[in-house]
Peer 1: 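Got a structure here, written out as structure tokens. Questions coming.
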Amino acid sequence: MDLKITNTLTREKEVFRPIDPSHVRVYVCGPTVYDFAHVGNARPVVVFDVLARLLRHLYPRVTYVRNITDVDDKINARARENGETIADLTERTAAQYHQDMAALGALPPDVEPRATHHIAQMIALIERLIANGHAYAADGHVLFAVPSMPDYGRLSRRDRDELIAGARVDVAPYKRDPADFVLWKPSADDIPGWDSPWGRGRPGWHIECSAMSWEHLGETFDIHGGGLDLIFPHHENEIAQSRCAFGTHAMANYWMHNGFVTVEDDKMSKSLGNFVTVREVLADWPGEVVRLLLLSAHYRAPLDFSDAGLKEARAQLDRLYQALRNAGDVPAATAAPPSGDLMAALLDDLNVPLAIARLHEAAGRLNRASDPAERSAAKTALRAGGALLGLLQADPEAWFQGGGDLDPAEIERLIAARADARKARNFAEADRIRDALKAKGVELEDGPQGTTWKRG
RNA sequence: GGCCCCGUGGCAGAGUGGUUAUGCAGAGGACUGCAAAUCCUUGUACAUCGGUUCGAUUCCGGUCGGGGCCUCCA
């Protein structure tokens, strides 16, 4: 069965045909490192982590590139504000980012290039664009000449005239055309800059992704991903730069864009101030809960972030882990392929919510079946399907008993005392112990194999 | 103003031209000393108005409502 993905270029669901089936190449826009990542920043990371896992399952070799932007005017401003060096700020923020994304179960990309390590490639690209007549130097800047590209605007479906009509900012005097955008700009002495044919300066926002994808994936590659808000201008301009520099028909054949995380139906964003950092959420919730919440809506649909949503995600994981816990003695095949129904869901444009429903169905089968072979198959389906989604890989006991400041030895002692009371049919005392534990956030379950506990 | 997207049962959230999504919550039952966990049963859902059709929640058009991009933004 074929993988189908919705291609923003055509706004249609298309069968994915890699340029080279023996090596699939993917680029996703990564963070600008000047502050903690918020939950909205984490969504594309989790979504494209699932895509990468799926592609690795389908193809022998995948190169997944996700950059780090470590040169940017926001970085300069923040470093000055903090009274620290730019290097300190970007290194610290990148390390925090790695920790947070790992907590969300996102595997590292195969290559994580940094913008500042690709200045030479950016300059080379800009020189090509000038040579091709697609860019010009003016007043210390280098600008991309939008009218030089006939089909500029194809991705975002807007033409030059509309852009100018809708422009909400003043047009810089050095632009030949109001739609032109900056490739290179001059740096004052007190901000980062690199020597270039146009004097000491720094790159514009878009050129880095063209340079890094070129370096690590080639002139044309398979999939380019990112958030919806990057379609214009960022991805549109990346396409313009790369295609005009290389004279190619496409920068990437498939463009995938994830929907926003919202808060009470508004986009979560720094400018609205309605954001919650990943770090803040992780203080109260397991990373896997946050991951499941981020995966609970289809990747292109908006996803509302709320406490109720986190509770729901936790309840779902509790159910799935409970099924695994109750089947602790059931053997499951390791390294088994995911079940066909779950694969079919993922192959259909990454229908993760449907894949999660398949996980629930497997949990139901596992709970209900008495036949050992059937139970084993259901447990395998849960584990293997979970692996493809980056879920359900923890030990169920750890899931239910981990976290919090509970003392397992003390709990076991009380459980033993309660068992004695129950044996003596002193149910008042047994219930008293159970209620006392419950008040401390420990819930008991009496099963055929004895009493187990979990945090409430 | 231009360009996009969305509107499913109490909630979250898939999907489909005619037949059960799934999970949570609620109700009833089984099991249990009582619970918990689990299992069983249980819900006249598809914004609205037209059109196409034998038949539309699903296709087309209008209306209403919500959101996003056009400036940094995942």
Peer 1: Using a cut-off of 4.0 Å on non-hydrogen atoms, how would the nucleic acid contact of A/G226 be classed: base, sugar-phosphate, or nothing?
Peer 2: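 Sugar-phosphate contact only - A/G226 comes under 4.0 Å of backbone atoms but never of a base.
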Peer 1: Tell me whether the OP1 or OP2 atom of B/C24 has a side-chain N or O from A/R319 closer than 4.0 Å.
Peer 2: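 Indeed, a polar side-chain atom of A/R319 lies that close.
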Peer 1: Rounding to an integer number of Å, can you tell me how far A/R314 CZ sits from B/C24 C1'?
Peer 2: 15 Å
Peer 1: Quick check: on RNA chain B, is the nucleotide nearest A/D304 upstream (toward 5') of the one nearest A/Q322, or the reverse? Name the residue that is more 5'.
Peer 2: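 Going by which nucleotide is closer to the 5' end, it is A/D304.
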Peer 1: Minimum heavy-atom separation for A/A252 and A/H224, please, with both atom names.
Peer 2: CB-CB, 3.7 Å
Peer 1: For A/E374 and A/R365, indicate whether the former's side chain and the latter's backbone hold a donor-acceptor pair under 3.5 Å.
Peer 2: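 No: the side chain of A/E374 does not pair with the backbone of A/R365.
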Peer 1: Using whole Å, what does the distance between atom C1' of nucleotide B/C69 and atom CG of A/L230 come to?
Peer 2: 11 Å
Peer 1: Please classify the nucleic acid contact of A/T452 as base, sugar-phosphate, or nothing, using heavy-atom distances under 4.0 Å.
Peer 2: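 No contact.
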Peer 1: Among B/A74, B/C72, B/A14, which is the nearest nucleotide to the side chain of A/D229?
Peer 2: B/A74
Peer 1: Report the distance from atom NE2 of A/H206 to atom P of B/C70, rounded to the nearest whole Å.
Peer 2: 11 Å
Peer 1: With a 3.5 Å limit on both atom pairs, tell me what B/G1 is paired to, counting Watson-Crick and G-U wobble, or say none.
Peer 2: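 WC or wobble partner is B/C70.
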Peer 1: So A/G309, base contact, sugar-phosphate only, or nothing? Heavy-atom distance under 4.0 Å.
Peer 2: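 No contact at all - A/G309 keeps every heavy atom at 4.0 Å or more from the nucleic acid.
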Peer 1: Among B/A74, B/U22, B/A14, which nucleotide has an atom closest to any side-chain atom of A/P353?
Peer 2: B/A14
Peer 1: Distance check, C1' atoms only: B/G9 and B/U57, in whole angstrom units.
Peer 2: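 Taking atom C1' in both B/G9 and B/U57, they lie 12 Å apart.
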Peer 1: Should the pair A/R434 and A/W453 be classed as cation-pi, given the thresholds of under 6.0 Å to the six-membered ring centre and 45° from the axis?
Peer 2: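 The answer is no, since A/R434 fails at least one limit relative to A/W453.
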Peer 1: Quick one: label A/N351 by what it contacts on the DNA or RNA (base, sugar-phosphate, nothing), any heavy atom closer than 4.0 Å.
Peer 2: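 It contacts sugar-phosphate atoms only.
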Peer 1: How close or far is atom P of B/A36 from atom CZ of A/R455, stated in whole angstroms?
Peer 2: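 From A/R455 CZ to B/A36 P: 17 Å.
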Peer 1: Base, sugar-phosphate alone, or nothing: which one does A/H298 contact when heavy atoms must sit under 4.0 Å apart?
Peer 2: sugar-phosphate
Peer 1: With a 4.0 Å cutoff (strictly under), does any side-chain N or O of A/R157 reach OP1 or OP2 of B/C4?
Peer 2: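 No, because none of the side-chain N or O atoms of A/R157 sits under 4.0 Å from OP1 or OP2 of B/C4.
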Peer 1: Donor-acceptor pair under 3.5 Å: do we get one between A/R43's side chain and the base of B/A74?
Peer 2: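 Not at all, since no donor on one side and acceptor on the other fall under 3.5 Å apart.
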Peer 1: Write down the distance separating the C1' atoms in B/G43 and B/U20, rounded off to the nearest Å.
Peer 2: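 It comes out at 13 Å once rounded to the nearest Å.
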Peer 1: If you pin A/L303 and A/I356 to their nearest nucleotides in RNA chain B, which one's is more 5'?
Peer 2: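 That would be A/L303.
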Peer 1: Suppose you measure atom P in B/U58 against the same atom in B/C46; what distance do you get, rounded to whole Å?
Peer 2: 11 Å
Peer 1: Give a yes or no on whether A/K438 atom NZ has more than 12 heavy-atom contacts from other residues, nucleotides or ligands under 6.0 Å away.
Peer 2: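 Counting other residues, nucleotides and ligands, NZ of A/K438 stays at 12 neighbours or fewer.
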Peer 1: Can you check the distance between B/G61 and B/A56, where both ends of the measurement are the C1' atom (answer in whole Å)?
Peer 2: 15 Å
Peer 1: Just one of A/R325, A/R455, A/K311 clears the salt bridge (charged side-chain N to carboxylate O under 4.0 Å, His left out) bar with A/D318, so which one?
Peer 2: A/R455
Peer 1: Report yes if at least one side-chain N or O of A/K438 is closer than 4.0 Å to OP1 or OP2 of B/A35; otherwise report no.
Peer 2: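 Indeed not, no polar side-chain atom of A/K438 lies that close.
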Peer 1: Taking NZ, NE, NH1 and NH2 as the nitrogens, is one of them in A/D151 or A/R154 under 4.0 Å from a carboxylate oxygen of the other?
Peer 2: yes
Peer 1: Who does B/U16 pair with, Watson-Crick or G-U, both distances under 3.5 Å?
Peer 2: none
Peer 1: Could you tell me whether A/R422 contacts a base, only the sugar-phosphate backbone, or nothing, with contacts defined as non-hydrogen atoms closer than 4.0 Å?
Peer 2: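 Answer is base: heavy atoms of A/R422 come under 4.0 Å of a base.
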Peer 1: Let me know the distance between CD of A/E429 and C1' of B/C34, rounded to the nearest Å.
Peer 2: 15 Å
Peer 1: Which of the following nucleotides, B/C24, B/A74, B/G2, is nearest to the side chain of A/P44?
Peer 2: B/A74
Peer 1: If we take the P atom in both B/A27 and B/G68, what is their distance in whole Å?
Peer 2: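 Their P atoms lie roughly 38 Å apart.
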Peer 1: How about A/H235 and A/H206: are their ring centres within less than 6.0 Å of each other?
Peer 2: no
Peer 1: Give one of base, sugar-phosphate or nothing for A/E361, where a contact means two heavy atoms less than 4.0 Å apart.
Peer 2: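 Result for A/E361 = sugar-phosphate.
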Peer 1: Using a 4.0 Å heavy-atom cut-off, does A/R418 contact any base of the nucleic acid, only the sugar-phosphate backbone, or nothing at all?
Peer 2: base
Peer 1: Please determine, for the side chain of A/P233, which listed nucleotide (B/A36, B/G23, B/C70) has the closest atom?
Peer 2: B/C70
Peer 1: What is the distance, rounded to the nearest whole Å, between atom NZ of A/K267 and atom P of B/C72?
Peer 2: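 One finds 12 Å between P of B/C72 and NZ of A/K267, rounded.
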Peer 1: B/U52 pairs with which nucleotide, Watson-Crick or G-U wobble, both distances below 3.5 Å?
Peer 2: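 Because no pair has both required distances under 3.5 Å, B/U52 counts as unpaired.
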Peer 1: Determine: side-chain N/O of A/R368 to OP1/OP2 of B/C40, distance under 4.0 Å, yes or no.
Peer 2: yes
Peer 1: Give me the distance, rounded to whole Å, that separates B/G23 from B/G66 when you measure between the C1' atoms they each carry.
Peer 2: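 Those two atoms are separated by 25 Å.
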Peer 1: Using whole Å, report how far CG of A/D318 lies from P of B/A25.
Peer 2: 10 Å
Peer 1: Ignoring backbone atoms, establish whether A/N41 has a side-chain N or O less than 4.0 Å from OP1 or OP2 of B/A74.
Peer 2: yes
Peer 1: Provide the distance between the two P atoms, one in B/C24 and one in B/A37, to the nearest whole Å.
Peer 2: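 The same atom, P, in both gives a distance of 11 Å.
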Peer 1: Can a salt bridge be assigned to the pair A/K267 and A/D229 using a cut-off of 4.0 Å between side-chain N and carboxylate O?
Peer 2: yes
Peer 1: Base, sugar-phosphate, or nothing: which does A/Q316 touch, judged by heavy atoms less than 4.0 Å apart?
Peer 2: sugar-phosphate
Peer 1: What does B/G26 pair with, Watson-Crick or G-U, if both distances are under 3.5 Å?
Peer 2: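 Across any shown strand, B/G26 pairs with B/U42.
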Peer 1: Charged N to carboxylate O under 4.0 angstrom, A/D180 versus A/R176?
Peer 2: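 Salt bridge between A/D180 and A/R176, a charged N being under 4.0 Å from a carboxylate O: no.
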Peer 1: Between B/A74 atom C1' and A/R300 atom CZ, what is the distance in whole Å?
Peer 2: 16 Å
Peer 1: Please give the distance between the P atoms of B/A36 and B/G29 as a whole number of Å.
Peer 2: 13 Å
Peer 1: Name the nucleic acid region contacted by A/V261, choosing base, sugar-phosphate or nothing; use a 4.0 angstrom heavy-atom cut-off, strictly under.
Peer 2: base
Peer 1: For B/U38, does either OP1 or OP2 sit under 4.0 Å from a side-chain N or O belonging to A/N326?
Peer 2: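 Indeed not, no polar side-chain atom of A/N326 lies that close.
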Peer 1: Would one find a side-chain N or O of A/N367 under 4.0 angstrom from OP1 or OP2 of B/A37?
Peer 2: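 Answer no for this pair, as no side-chain N or O of A/N367 is under 4.0 Å from OP1 or OP2.
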Peer 1: Taking any heavy-atom pair under 4.0 Å as a contact, classify A/K74: base, sugar-phosphate, or nothing.
Peer 2: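 Sugar-phosphate contact only - A/K74 comes under 4.0 Å of backbone atoms but never of a base.
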Peer 1: Compare the minimum distances between each of B/C70, B/G33, B/A74 and the side chain of A/A430, then state the nucleotide with the smallest one.
Peer 2: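 Output: B/G33.
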